[in-house]
Amino acid sequence: MANMKTTFLLSLNFLLLLTELISLEAIWSNSNAGNSTVGCIEMEREALLKFKEGLDDPSRRLSSWVGKDCCNWLGVGCSNRTDNIIKLDLKRPFFCDQISSNTSTVCWKPLGGVLSPSLLELKYLNYLDLSYNDFQGIPIPNFIGSLNKLSYLNFSYASFAGMIPPQLGNLSNLLYLDLSAFNEHLPLPLPTPSTSNLNWLSGLSSLQYLNLNGVNLSEATTDWLQTVNLLPSLLELHLSNCELNYLPQSFASINFTSLSVLELSYNDFNSSSIPQWMFNITSLTNLILSPCNLNGSIPKIAKGKLCNLRTLDLSYNHISGEITEFFQALSECSNSSLEELNLGWNQLIGNIPHSLGYVKNLRKLQLSSNAFSGSIPLSIQNLSQLEILDLELNMMNGTIPELIGQLSELTVLYLFGNYWQGIMTETHFLNLTKLNSFSLSSSRNLLVFNVTRDWIPPFSLKYVNILYCQLNPTFPAWLRTQKELTEIHLVNTTISDTIPNWLWNLSSQLEVLDLSQNKLMGNLPKSLNFSSLDSVYLDFNHLEGPLPLWPSVTKFSLRSNLFSGPIPIRIGLEMSQLTVLDLSDNFLIGSIPSSINGLRDLGFLLLSNNHLSGNIPNHWKSMQNLLYIDLSKNNLSGDIPSSMFSLPSLSWLQLSNNNLSGNLSFCLKFVSSISLSTLDLGENRLSGTIPKWIGERLSSITILRLRGNMLFGRIPKQLCGSTYIHVLDLAHNNFSGSIPSCLGSLAGYKYFNGTIFPEVTEHMDLVVKGRQYEYYNQISNVSLMDFSKNSLSGEIPAELTNLTLLNSLNLSWNQFTGKIPENIGALHQLETLDLSNNHISGHIPPSMSSMTFLSHLNLSYNNLSGEIPSSNQFQTFNDPSIYVGNPQLYGPPPLPTIFSVPSDRSAEDKDGEDHFEKLWFYLSIALGFIVGFWAVCGSLLIKKSWRYAYFRFADKMKDRLLVVIAVNMAPLQRKIQAERH
């Protein structure tokens, strides 16, 4: 084993030594050039000048290429013995030079153009590097394969494309070949070269380093391994993001027995298992397979097989099983070399084994986003070199051991997203002097973070993230010592205090401040003393006073507080960099300032549940980046501006519960965004019909909510063109005609992948199970269809039973006839079914007994007959009122035998009287509420925060009572009008 390790190190050192010798020889040549009478060979100098003519050099990097001594030219290296050019290193520098005459700097731009075949005159060239330039997708020239002295060729990230010339296989002296076009850390994708096969590699028998990251090998995916196996001297193989989809599970004979680095990340191996032959390469030091769509468990390791392994990255796959045997095998090495282990984002289970403590050279341990359980093993104290410990997003529990505070090399400690209990104290951090990133959370605030108020931590954090833990009610004073913080997240940590003034002067580097879901009180400062703060999240607190203007902030969320007064009139001018603005659920008044159209970078605007009034500003065309608008639950009036509908990127538009008016068809004809997925215009005063072209114009819509308006006409069958709908709410309008049967083919009710906006809190009110519920960030899980309280007629389409993911179906208060579809039991996910107050006849289909999720059923006031099913789900429905008004319907005890109304009154008369009774009932509630209000008015005058909270409650109750009264009066008014006619 020791000899094998020595052989590997010698091979690697040889590769490094070769590069150094090439560079050193060129340096010697350049240093001795002043004593040379020629400087370089004239023919080779002329070849370089011709090569230069073909290049684009915007930064004039090659301006030194003048005079006879080409060995002193930038990037040129010559032999100190023959003066032949042996090295051409023109890679793009990644630094900026300061110009000596002034304080300005110049940053080098990439070379471009074409490669001249004059390079063939450089017959002794053995080193060619054009990496990190921009040749704008031209192919690698064939003549490169004729530079037969080359031992080093690097064209990485140089924007070459097209087919790799097979002539490269003629470079039999090549030791190092890098044609890579992919790096996950580069900001932009590059043009990518490709090859139909890798047979040309067989001529490179001396090759030790091969990097084809990003090269399209999709046509060579079945034989790539066989070809690479012909390179016996290979030390490093990099084939990331090469569109490989085949990973051989068995391999007869491995010739690259000296291979130390194998990188196959960002390929899709179609749920293959990790092949055993990989774990049999004893020379491996680095194995990187993330992400590769791999399944199965980690292969068994024979004793001593991977003792040289230093880095193992299997993250972002679907690997399952336990890791006990893996660590047991490593523990049998006399001294395991493993330094970095990343198994994050898989499906691993079980406890972290005690044998972890035997892998004593471990520096990075990343096990996040699995299903590990149990506690942290006490043997972790043996990992004295551990720098990163990441256990986030697992199912670990128990107490966090105090001995973790002895890991003095620890810089990153991530414990977020588990089920920790107990108490963390200063002892847990005793020797963590190098800690710079810390995250922690528990479930149901079962973990107490208990440190003394005068604690001075031994560390200096840059990142702190503590969620769902119990901190002291007072604001943590120890943060005052952390002068290098860039991010602070203290979310739902039971802090009940004012924000101290020192926080706003804490760190000139602070970029993110998240103190949401606490009980913070007081006012915010009008201005900030530093300009680095980018993102502020103070949602769900008790903060009050006027809104501040902080110019540096781009993400500003103050949802659910007690802020009052108008939105500052200059917000669009003084916070012009905003990308997210969430002021929902406060006490803001006045109109929406017109300066808001100056927020050209704004992507998310949420102002819902305030007291804003007036018209919506007209000018939205300048806000081309807007994705999300929520102005619901205000007192806005007037028409909806057409420029709002014409926003090209708009995905979510929510204007419900206002007093907006206008014609629906006129509004929708301005929709230009093909990505509009949510449109909520409910509870307004819109009129007109649903246009027939709606399915074409709103083809991507997933949520369409138009309830509570004054719309009429038929539901157009063209609506079925909006195939991704999963929430369709047209209730409380005056639609007539039948339900289009093609609605049964809407794919959104069969499968749904909704748009998720992590930047904001999605919110919507939906009527489910006869009540209105507030949904926060779970709307994508709801599948609802509500046509109640219209004038729809005809039979219930049997095709609706194809909507297998439907949760709620409400067709009540219409004029439907015919029978309940026999196959309605196919709606296995249905929780709410309301068919009441129609003219439906026939029996209750037996298939409904299989609807095991059904918890809310109302079949009252129809013409149903026969026996009520008594098996399965119907045994849970013990309320007779859900069947009342069906004289020919009967059921077993304890239910009544006949579900009918008294014979001396029609159902309609009784309904009218019921509505009078309900009206007086709600009016009495309102009267009692007013009396109670004046009874407590005195106490409300004393405490300002009580007054704000109470007025919010009163305002919401007022709106709800008015809605209830209006809803219950509507049938009576229709009856009176009918009698008059």
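These numbers come from the heavy atoms of this one structure, side chains and all, not from hydrogens, waters or symmetry mates.
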Tell me, with the steps shown, if Asp582 and Ser584 meet side-chain hydrogen bond (donor to acceptor under 3.5 Å, both in side chains). CA-CA 6 Å; Asp582 188 352; Ser584 301; 3.0 Å; yes
Just do the side-chain hydrogen bond (donor to acceptor under 3.5 Å, both in side chains) check on Asp534 and Thr554 with the steps written out, would you? CA-CA 5 Å; Asp534 176 80; Thr554 65; 2.8 Å; yes
Please step through side chain to side chain contact (heavy atoms under 4.5 Å, CB included) for the pair Leu549 and Ile571, ending with a clear verdict. CA-CA 7 Å; Leu549 292 176; Ile571 188 170; 4.0 Å; yes
Could you give me the CA-CA distance, side-chain angles and deciding distance for Glu487 and His489, then say whether side-chain hydrogen bond (donor to acceptor under 3.5 Å, both in side chains) is met? CA-CA 7 Å; Glu487 292 192 32; His489 302 264; 2.8 Å; yes
Set out, in order, the CA-CA distance, both residues' side-chain angles and the distance that settles side chain to side chain contact (heavy atoms under 4.5 Å, CB included) for Leu435 and Thr411, then state yes or no. CA-CA 4 Å; Leu435 193 68; Thr411 61; 5.8 Å; no
Using side chain to side chain contact (heavy atoms under 4.5 Å, CB included), reason through Asn436 and Val412 one step at a time and then give a plain yes or no. CA-CA 6 Å; Asn436 60 52; Val412 175; 4.2 Å; yes
Going through the distances and angles, do Ser290 and Ser315 end up as a side-chain hydrogen bond (donor to acceptor under 3.5 Å, both in side chains)? CA-CA 5 Å; Ser290 166; Ser315 60; 2.7 Å; yes
How far apart are the C-alpha atoms of Leu562 and Leu543, what are their side-chain angles, what is the distance that settles it, and do they pass the side chain to side chain contact (heavy atoms under 4.5 Å, CB included) test? CA-CA 6 Å; Leu562 303 174; Leu543 298 167; over 6 Å; no
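Using a 4.5 Å heavy-atom threshold, the side chains of Ser337 and Leu309 count as separate. Contact of the Asn610 side chain with the Ile589 side chain is not registered, since no non-hydrogen atoms from C-beta on lie closer than 4.5 Å. Taking the side chain as every heavy atom from C-beta outward, Leu599 and Leu626 never approach each other to under 4.5 Å. Contact of the Leu314 side chain with the Asn342 side chain is not registered, since no non-hydrogen atoms from C-beta on lie closer than 4.5 Å. For the pair Leu766 and Tyr773, the minimum side-chain heavy-atom distance is 4.5 Å or more. You'll find the side chain of Leu461 reaches within 4.5 Å of the side chain of Trp478, heavy atoms only. Here the side chains of Lys462 and Leu485 are not in contact, with every heavy-atom distance at 4.5 Å or above. Two residues are said to be in side-chain contact when any heavy atoms from C-beta on lie closer than 4.5 Å; Thr678 and Ile779 fail this criterion.
Between Trp550 and Phe556, the ring planes lie tilted relative to each other; the angle falls in the 30° to 60° range.
Applying the salt bridge (charged side-chain N to carboxylate O under 4.0 Å, His left out) rule to pairs touching residues 435-444 yields nothing, sequence neighbours excluded. Each ring pair (Phe, Tyr, Trp, His ring centres under 6.0 Å) pair with one or both residues in residues 416-448, not counting sequence neighbours, appears once here: Phe429-Phe438, Phe429-Phe449, Phe429-Trp455, Phe429-Phe459. Applying the salt bridge (charged side-chain N to carboxylate O under 4.0 Å, His left out) rule to pairs touching residues 329-349 yields Glu339-Arg363, Glu340-Arg363, Glu340-Lys364, sequence neighbours excluded. Among residues at least two apart or in separate chains, ring pair (Phe, Tyr, Trp, His ring centres under 6.0 Å) pairs with a member in residues 315-369 are Tyr316-Trp345.
Side-chain atoms of Thr474 and Asn472 form no donor-acceptor pair, as typed in the model, at a separation below 3.5 Å. Tyr628 and Asp630 share no donor-acceptor pair across their side chains, judged by distance under 3.5 Å alone. One side chain, Ser265 or Ser240, offers a donor N or O that lies under 3.5 Å from an acceptor on the other. In this model, a donor atom of one side chain and an acceptor atom of the other lie less than 3.5 Å apart for Ser439 and Glu392. Side-chain atoms of Asn450 and Thr425 include no donor-acceptor pair closer than 3.5 Å.
Interatomic distance, Gln347 CD to Ser320 OG, rounded to the nearest 0.5 Å: 6.5 Å. Atom CG of residue Leu294 and atom CG of residue Asn346 lie 8.5 Å apart, to the nearest 0.5 angstrom. The OG atom of Ser331 lies 12.0 Å from the CG atom of Leu338; values are rounded to the nearest 0.5 Å. In this structure, Leu430 CG and Leu403 CG are separated by 12.0 Å, a value rounded to the nearest 0.5 Å. For the atom pair Tyr266 OH and Phe182 CZ, the distance stands at 5.5 Å (nearest 0.5 Å). To the nearest 0.5 Å, atoms CG (Leu413) and CG (Leu391) are separated by 8.0 Å.
When the shell of 6.0 Å around NZ of Lys360 is examined, it contains 12 or fewer heavy atoms from other residues, nucleotides or ligands. The 12-atom threshold is not exceeded at CD of Glu325, counting heavy atoms of other residues, nucleotides or ligands nearer than 6.0 Å. The number of heavy atoms from other shown groups lying within 6.0 Å of CD1 (Ile456) does not exceed 12.
Between the side chain of Ser441 and the main chain of Ile466, no donor-acceptor pair closer than 3.5 Å is present. The closest donor-acceptor contact from the side chain of Asn586 to the backbone of Leu558 lies under 3.5 Å. Judged purely by atom type and a 3.5 angstrom limit, Asn418 has no side-chain atom pairing as donor or acceptor with the backbone of Asn397. Checked by atom type and distance alone, the side chain of Asn317 pairs as donor or acceptor with a backbone atom of Leu289 at under 3.5 Å.
Taking every heavy atom of both residues into account, Gly344 and Asn370 meet most closely at CA-ND2, 3.8 Å. When all heavy atoms of Leu607 and Asn634 are compared, the pair lying nearest together is O-ND2, 3.1 Å. Listed here is the closest heavy atom pair of Leu524 and Ile499: CD2-CD1, 4.1 Å.
For the side-chain contact (heavy atoms from CB on, under 4.5 Å) with Gln470, the qualifying choice from Val448, Ile423, Asn492 is Val448, the only one to do so.
Residues passing the disulfide bond (SG atoms under 2.5 Å apart) test with Cys333, sequence neighbours excluded: Cys307.
At a threshold of 4.0 Å, the pair Arg559-Asp585 does not count as salt-bridged, since none of the basic side-chain nitrogens sits closer than that to a carboxylate oxygen. Ion pairing between Lys633 and Glu774 holds under the 4.0 Å rule for side-chain N and carboxylate O.
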Kindly list each side-chain donor-acceptor pair under 3.5 angstrom involving residues 513-522, sequence neighbours excluded, with atom names and distances?
| from | atom 1 | to | atom 2 | distance (Å) |
| --- | --- | --- | --- | --- |
| Asp514 | OD1 | Ser516 | N | 3.2 |
| Asp514 | OD1 | Ser516 | OG | 2.8 |
| Asn518 | OD1 | Thr493 | N | 2.9 |
| Asn518 | OD1 | Thr493 | OG1 | 3.0 |
| Asn518 | OD1 | Thr494 | N | 3.3 |
| Asn518 | OD1 | Ile495 | N | 3.3 |
| Asn518 | ND2 | Leu490 | O | 2.9 |
| Asn518 | ND2 | Leu515 | O | 3.1 |
| Asn518 | ND2 | Ser516 | O | 3.2 |

